Amino acid sequence: MRICVLASGSKGNATYIEGDNTRILIDAGISCSEIENRLMQIGVNPSLINSILITHEHSDHINGLSKFAVKYNTKVYTHRDTWLTMDSKMSKLKENQKIDIYGNDFCINELNISCFDLDHDAAHCLGYSVSCRDSKVSIATDLGHTTPEIIRHLMDSSLIVFESNHDIQTLLHNPNYPLRLKNRILSNNGHLSNDATSDAVAQMLGYGVRAVILAHLSEQNNTPQKALQTMQQRLLQEGADWAKEIYLDVGKQHKIGNIYKIKE
Ligand SMILES: [Zn+2]
Ligand SMILES: [Zn+2]
């Protein structure tokens, strides 16, 4: 498998995942032309995208969706609650492009997908695990807290794209954020802090995670350095070996991230 975070953050999210013969996106939250542009940068013709899996209806996850899906006749998968909420924005899609996710597991050609619920202030926010033969990658962003079920889905993945949204102190002291917004971000339905993400990853050690791409970083209330440092320190607390063994990276807002090849 290959995976590349094309964009990550409150201005738009999209992640590319490729199996043996099937190419998908998780979210399409940057403009259609920017998705095309970033796919070309990793050598992928946009017309080869088979399907788009949507996590939830917030605009930073669906900005380019309708235009891209109509242009390339791409199938779009998301939870029924999310379809109901974003229906008016998706009127140009053909009915057979809109696929409801009913159960937790389904296949797109050789890719096995499982989804899991995330608590977020959306109609129904989903995380996804994508497996191809013995390789597995997972993505979980836009969640206020973790649960044992979320940890279980993530912990045997080789690579996880995992939200590390804000540094709590930076957020609390940010004069540009009204209290209501701070409370929303910090709530159980908001976004994960660097500390919460580090604690969750500490629970996954030893089960298979080899790389963590910290994602959906706030440009106002976090920096890549802070997110990485918090995670590195947490791994060191768990043991010096973990800090060496787990590869850390950060998903970027304004340019594509590194391309990862997951070997079986
Ligand atoms: Zn959201
Ligand atoms: Zn978001």
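Keep in mind that this is a model prediction, so the values were computed, not measured. When a ligand or atom number is given, it counts from 1 through the structure's own listing order. All values below were derived from every heavy atom in this structure, side-chain atoms included, with hydrogens, water molecules and symmetry-related copies excluded.
Among the backbone and side-chain atoms of H191, none of the N, O or S atoms lies under 2.8 Å from the Zn ion (ligand 1).
Angle NE2(H61) to the Zn ion (ligand 2) to OD2(D60), rounded to 10°: 90°. With the Zn ion (ligand 1) as vertex, H58 ND1 and H56 NE2 subtend 90°, rounded to 10°.
Residues K71 and E36 are paired through a salt bridge, judged by an N-O separation under 4.0 Å between the basic side chain and the carboxylate. Residues D195 and R234 are not paired through a salt bridge, judged by the lack of any N-O separation under 4.0 Å between the basic side chain and the carboxylate.
Within 6.0 Å of NZ on K67 lie no more than 12 heavy atoms contributed by other residues, nucleotides or ligands.
Nearest N, O or S atom of D142 to the Zn ion (ligand 2): atom OD2.
Considering T78, L65, V76, T82 in turn, L65 is the only one that fulfils the side-chain contact (heavy atoms from CB on, under 4.5 Å) rule with M90.
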